[in-house]
Amino acid sequence: MSLVVVGTMAFDAIETPFGKSDKIIGGAATYIAWCASNFTPVKQISIVGGDFPAEELKALTDRQVDLAGVQIKADEKSFFWRGRYHMDMNSRDTLDTQLNVLANFQPVVPESYQDCEFLMLGNLVPAVQRSVIEQMRKRPKLIVMDTMNFWMETAMEDLKKTISMVDVIMVNDSEARQLSGDYSLVRAAATIMQMGPKYVIIKKGEHGALLFHEDKVFFAPALPLEDVFDPTGAGDTFAGGFIGHLARTKDISFDNMKTAIILGSAMASFCVEKFGTDRLRELSSDDIAHRLNDFVQLVNFDIKLY
């Protein structure tokens with residue numbers, strides 16, 4: 001059985017208060033694959049242009065990422081996004097978006113991907129996400145979906161259709177409020193679960209993440225970091241750690257999802273330390289183990305009641 005990841009593979013150009021990058025490798029599926037491949041083999045579904053470097057594709061295949069589902073349009077250009085982050089790193093301005101090959105992306109699920117047990121739908125057009133689900137002859141054991149406010153503003157009905165088909169949805173706090181129409185995150189999660197998902201994950205950036213299931217709630221902190229150079233891809237990396245752990249353990253219980261949330265937070269804390277995917281590329285298993293221990297120490301305490 002396998003993990004299938006759907007999403008963008010692209011170019012980014014980033015400006016933050018701490019530096020600036022030229023055109024670098026980005027895209028939701030790229031970050032998810034670099035992260036999840038630490039824990040399990042990945043089968044990728046995406047699209048790139050002829051300008052996407054062959055060495056980048058090879059680097060992924062060397063990490064047990066199967067690219068049979070990645071379409072290469074030799075005469076077209078890859079998706080490109082340029083953005084500038086503000087000092088608090090939680091807000092940003094989009095300076096340029098070029099859809100290029102993404103404008104007419106129609107994913108095709110290869111026959112070799114039909115053993116999919118875990119499906120991770122990276123942030124993408126809701127109709128495109130749904131088309132992948134519909135191509136699966138057997139429903140995966142777990143379908144996880146990431147989305148964003150842009151689709152709530154431009155494709156809400158399509159978004160709701162796709163949400164109704166997934167088991168887990170990931171949104172940030174402002175998106176949860178927009179999707180539900182409720183300021184309280186507890187009530188917002190309850191409303192979103194009524195749309196179909198059994199689990200709701202609300203990401204709060206530097207303030208951690210919340211996991212909701214039925215009447216249960218779990219909170220995972222974010223690791224306080226001295227330097228945050230580039231938050232681009234942190235949410236995708238979080239998703240990669242989350243689904244990577246679940247796919248490796250084959251356990252989709254609420255308790256194991258709590259562990260997956262912690263692992264996702266730990267992996268995201270690496271992502272922000274350098275521009276693009278640079279930090280993820282150099283991680284060792286020891287690095288991950290030490291960072292997980294940092295998280296354990298962060299929330300571990302003894303208390304006596306008098």
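Remember, it's a predicted structure, so these values are computed and weren't measured experimentally.
Side-chain contact annotation: Asp286 with Ser284, donor-acceptor N/O pair under 3.5 Å absent. For the residue pair Asp93 / His86, a side-chain donor-acceptor distance below 3.5 Å is found, with atom types taken as modelled. Side chains of Thr232 and Tyr31: no donor on one and acceptor on the other come within 3.5 Å. Remark: the Gln98 side chain and the Asp96 side chain contain an N/O donor-acceptor pair separated by less than 3.5 Å. Side-chain contact annotation: Asn256 with His245, donor-acceptor N/O pair under 3.5 Å present. In summary, the side chains of Asp66 and Ser112 do not present any donor paired with an acceptor at a separation below 3.5 Å, with no hydrogens or angles considered. A donor-acceptor contact under 3.5 angstrom links the side chains of Ser2 and Asp115, judged on distance only.
Between Tyr199 and His213, a ring centre-to-centre spacing shorter than 6.0 Å is recorded.
Considering every non-hydrogen atom in both Met152 and Thr147, the closest pair reads CE-CG2, 4.3 Å. What you find for Ala222 and Gly205 is that their closest heavy atoms are CB-O, 3.7 Å. Closest heavy-atom contact between Ile32 and Gly122: CD1-CA, 4.1 Å.
With contacts defined as side-chain heavy-atom distances shorter than 4.5 Å, the pair Val144/Val166 does not qualify. A 4.5 Å side-chain heavy-atom check between Lys138 and Gln114 finds every atom pair outside the cut-off. Residues Phe80 and Leu99 fail the side-chain proximity criterion, which asks for heavy atoms closer than 4.5 Å. Side-chain contact between Ile288 and Met267 is present, with heavy atoms from C-beta onward closer than 4.5 Å. At least one side-chain heavy atom of Phe39 sits under 4.5 Å from a side-chain heavy atom of Leu263.
Every residue was checked against the ring-ring contact (aromatic ring centres under 6.0 Å, His included) condition with Phe118, not counting sequence neighbours, and none meets it. Taking Asp75 as the reference, nothing meets the side chain to side chain contact (heavy atoms under 4.5 Å, CB included) condition, with sequence neighbours excluded.
Using a 4.0 Å cut-off between charged nitrogen and carboxylate oxygen, Lys274 and Glu282 count as a salt-bridge pair. Taking 4.0 Å as the cut-off between side-chain N and carboxylate O, Lys77 and Asp51 do not count as a salt-bridged pair.
Residue Ser253 holds its OG atom at 9.0 Å from NZ of Lys258, rounded to the nearest 0.5 Å. Rounding to the nearest 0.5 Å places CE of Met9 at 6.0 Å from CG of Leu67. Rounded to the nearest 0.5 angstrom, Asp158 CG and Met156 CE are separated by 11.5 Å. Annotation: the span from Phe218 atom CZ to Phe212 atom CZ amounts to 12.0 Å, rounded to 0.5 Å. Taking CD from Glu117 and NZ from Lys250, the interatomic distance works out to 4.5 Å, rounded to the nearest 0.5 Å. Of the inter-residue distances, the one linking Lys204 atom NZ with Ile202 atom CD1 reads 8.0 Å to the nearest 0.5 angstrom.
No continuous path of ILVMFWY side-chain contacts below 4.5 Å connects Leu95 to Phe18, so the two sit in separate hydrophobic clusters. If you chain together hydrophobic residues whose side chains sit under 4.5 Å apart, Val128 and Phe150 fall into the same group. The hydrophobic cluster containing Tyr113 does not contain Val108, counting ILVMFWY residues as joined when their side-chain heavy atoms lie under 4.5 angstrom apart, directly or transitively. Criterion: ILVMFWY side-chain heavy atoms under 4.5 Å apart, direct or through other members. Under it, Met195 and Val186 are part of a common hydrophobic cluster.
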Could you go through Lys203 and Asp146, starting from their C-alpha distance and side-chain angles, then the distance that decides it, and tell me whether this counts as salt bridge (Lys or Arg N to Asp or Glu O under 4.0 Å)? CA-CA 11 Å; Lys203 300 172 289 185; Asp146 193 10; 3.4 Å; yes

Please step through salt bridge (Lys or Arg N to Asp or Glu O under 4.0 Å) for the pair Glu111 and Arg137, ending with a clear verdict. CA-CA 10 Å; Glu111 182 64 31; Arg137 290 196 292 270; 2.5 Å; yes

Going through the distances and angles, do Phe52 and Phe11 end up as a ring-ring contact (aromatic ring centres under 6.0 Å, His included)? CA-CA 8 Å; Phe52 201 84; Phe11 291 115; 5.7 Å; yes

Let me see the working for Arg291 and Glu273 under salt bridge (Lys or Arg N to Asp or Glu O under 4.0 Å), right down to the final yes or no. CA-CA 13 Å; Arg291 184 59 57 90; Glu273 292 179 335; 3.1 Å; yes

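Shown here is Lys141, whose NZ atom has more than 12 heavy atoms of other residues, nucleotides or ligands within 6.0 Å.
Judged by the 6.0 Å distance and 45° axis criteria, Arg279 is not positioned over the aromatic ring of Phe270.
Counting only distance, with no hydrogens or angles, the side chain of Asn293 and the backbone of Ala289 share no donor-acceptor pair below 3.5 Å. Distance alone, capped at 3.5 Å, places no donor-acceptor pair between the Glu76 side chain and the Leu102 backbone. Counting only distance, with no hydrogens or angles, the side chain of Arg63 and the backbone of Trp34 share a donor-acceptor pair below 3.5 Å.
Using a 30° and 60° split on the angle between ring planes, Phe242 and Phe238 fall in the parallel class, below 30°.
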